[in-house]
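First comes the structure, then the notes that go with it.
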Amino acid sequence: LMYHMSNKNRSQGFTIVELIVVISVLSILIGLIATTLLNFYLSNIATINRTTQANDVASTLQSIEKNVSLASNFLSKTSGSALATPLGPENSAMPWICKTGEPNYNVLIVQNYATDGTSSDTARKLIYSSPDCKSDPVKNTLIYFVDTSSTLYRRTISGPPSVCGGAISQKTTRAPTATSSPLCIGVDAVLSRNVSKFQIHYFANSSDQTPVDPYSQSEVTAADTIRNAKAINITLETSENINGKLNKYASTLRITRLNE
């Protein structure tokens with residue numbers, strides 16, 4: 001009878017050793033499951049962040065393409081009223097120059113014809129500065145640059161007011177003239193952050209595969225080369241810290257200007 005009672009008591013529970021083994025196994029399983037779920041979560045977050053990074057680069061290039069394709073010409077350097085303080089680099093009176101001291105960063109200077117409507121308005125008209133309102137079309141200057149915080153901006157310097165009337169579209173900043181003072185200052189448009197490369201290559205003709213190199217030319221020759229360029233290649237690269245690792249994403253877009 002005592003033998004059977006002893007077996008009955010042992011079958012109703014676990015020994016300490018058995019409990020320790022079970023707890024250890026469960027801890028290992030929980031750790032493995034938690035690690036797997038965490039890695040899965042981090043992997044999804046990383047994928048989302050990389051996709052967002054790529055989409056931001058593509059969106060920025062598309063935004064630039066809208067203005068560059070309608071450019072009347074490119075500039076190697078700003079001049080004239082565009083030099084007024086604070087329209088220059090770092091809000092100075094210095095001119096904007098296409099080549100900077102940083103090899104990964106160029107400045108893109110684009111001139112567009114000023115119109116009385118947006119680019120999507122098929123009925124928009126050119127704005128002229130001549131008294132007869134038939135010649136000397138007004139041009140806006142668009143400057144794409146990367147500042148010390150690695151942010152890509154677009155600065156718009158609108159042309160002088162027209163005697164023919166009509167508001168110049170997309171006005172951000174306006175250079176002063178004899179009849180317009182003080183400056184009408186707006187805010188530079190932020191296009192992209194964490195930019196590690198913004199490089200511009202120019203092509204003499206839209207069908208050319210080999211770019212010209214104005215950066216090694218004299219100032220006068222470079223000005224002609226860039227002004228007469230029919231197409232450009234823009235390389236935009238951003239660097240993002242994703243899950244503790246630096247992820248670089250770069251994309252290049254070729255843009256042909258349609259206007260002369």
Side-chain angles (χ1 to χ4, degrees), residues 49-50 52-68 71 74-112 140-158 170-176 182-202 211 213-217 219 222-223 226 229 232-253 255:
N49 289 339
R50 284 193 292 267
T52 300
Q53 182 182 6
N55 289 341
D56 287 344
V57 169
S59 177
T60 299
L61 290 176
Q62 289 174 1
S63 173
I64 297 175
E65 182 182 24
K66 290 180 181 179
N67 290 316
V68 172
F74 305 109
L75 294 178
S76 62
K77 179 180 179 180
T78 57
S79 60
S81 58
L83 299 179
T85 303
L87 301 182
E90 298 182 2
N91 297 323
S92 69
M94 298 296 293
W96 289 96
I97 302 175
C98 64
K99 183 179 179 180
T100 67
E102 170 57 53
N104 284 337
Y105 298 137
N106 297 140
V107 174
L108 175 61
I109 308 172
V110 181
Q111 284 197 311
N112 284 357
N140 295 330
T141 302
L142 308 178
I143 303 167
Y144 296 88
F145 65 97
V146 179
D147 73 349
T148 54
S149 67
S150 300
T151 301
L152 175 62
Y153 289 96
R154 182 187 66 235
R155 174 169 296 185
T156 304
I157 303 176
S158 297
Q170 298 180 343
K171 180 179 296 183
T172 302
T173 56
R174 178 162 54 81
L183 291 175
C184 177
I185 303 299
V187 179
D188 293 329
V190 176
L191 301 183
S192 188
R193 301 186 187 276
N194 302 315
V195 175
S196 51
K197 184 180 294 184
F198 181 66
Q199 294 181 329
I200 313 298
H201 293 95
Y202 297 86
D213 184 15
Y215 306 113
S216 61
Q217 298 174 342
E219 184 175 335
I226 291 179
I232 63 172
N233 262 12
I234 300 178
T235 299
L236 176 62
E237 178 187 82
T238 61
S239 299
E240 300 276 356
N241 192 322
I242 300 177
N243 287 356
K245 296 181 179 179
L246 186 64
N247 185 71
K248 292 187 175 183
Y249 180 84
S251 183
T252 299
L253 178 66
I255 307 174

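Residue numbers count from 1 along this sequence.
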- Under 3.5 Å, is there a donor-acceptor pair between the side chain of Thr60 and the main chain of Asp56? yes
- Query: Is it true that a side-chain atom of Lys99 and a backbone atom of Tyr215 form a donor plus acceptor pair closer than 3.5 Å?
  - Reply: yes
- When the ring planes of Trp96 and Phe145 are compared, do they come out parallel, tilted or perpendicular, using 30° and 60° as the limits? tilted
- Message: Checking the side chain of Glu219 only, and the main-chain atoms of Ser76 only, is there a donor and an acceptor separated by less than 3.5 Å?
- Response: no
- Message: As an exercise, state the distance from OG of Ser196 to CG of Leu246, rounded to the nearest 0.5 Å.
- Response: 7.5 Å
- Side-chain contact, heavy-atom cut-off 4.5 Å: Thr78 with Pro95? yes
- Let me know which of Ile234, Val107, Leu191 forms a side-chain contact (heavy atoms from CB on, under 4.5 Å) with Tyr144. Leu191
- CA sep, side-chain torsions, deciding dist, call: Tyr105, Asp147, side chain to side chain contact (heavy atoms under 4.5 Å, CB included): CA-CA 9 Å; Tyr105 298 137; Asp147 73 349; over 6 Å; no
- If we only count heavy atoms from C-beta on, is the Cys98 to Ile200 side-chain gap below 4.5 Å? no
- Task: Show your reasoning for whether side chain to side chain donor-acceptor pair (under 3.5 Å) applies to Glu240 and Asn49.
- Result: CA-CA 9 Å; Glu240 300 276 356; Asn49 289 339; over 6 Å; no
- Note on the structure: CG of Asn194 to OG1 of Thr151, rounded to nearest 0.5 Å, is 7.0 Å
- Item | Closest non-hydrogen atom pair, Leu61 against Leu253 | O-CD2, 3.6 Å
- Out of curiosity, Met94 CE to Lys77 NZ, how far, rounded to the nearest 0.5 Å? 8.0 Å
- Query: So how far is it from Gln199 CD to Asn106 CG, rounded to the nearest 0.5 Å?
  - Reply: 6.0 Å
- Message: Minimum heavy-atom separation for Glu237 and Lys248, please, with both atom names.
- Response: OE1-CD, 3.9 Å
- With the side chain counted from C-beta on, respond yes when Leu108 and Ile232 share a heavy-atom pair under 4.5 Å apart, and no when they do not. yes
- Between NZ of Lys66 and CD1 of Ile255, what distance do you get to the nearest 0.5 Å? 12.0 Å
- Note on the structure: What one should report as the nearest heavy-atom pair of Arg154 and Ser63 is NH1-OG, 3.9 Å
- Contact check, side chains of Pro211 and Asn233, non-hydrogen atoms, under 4.5 Å: no
- Given Asn67 and Val110, is the side chain to side chain contact (heavy atoms under 4.5 Å, CB included) satisfied, shown in steps? CA-CA 8 Å; Asn67 290 316; Val110 181; 5.6 Å; no
- Query: Atom OG1 of Thr252 and atom NZ of Lys197: how far apart are they, to the nearest 0.5 Å?
  - Reply: 8.5 Å
- Item | Member of Ile242, Asn241, Thr238 meeting the side-chain contact (heavy atoms from CB on, under 4.5 Å) criterion with Asn247 | Ile242
- Closest non-hydrogen atoms of Asp213 and Ser216, given as atom of the first, atom of the second and distance, are OD2-OG, 2.9 Å
- Task: Look at the side chain of Asp188 and the backbone N and O of Tyr153, then say whether any donor-acceptor pair between them is shorter than 3.5 Å.
- Result: no
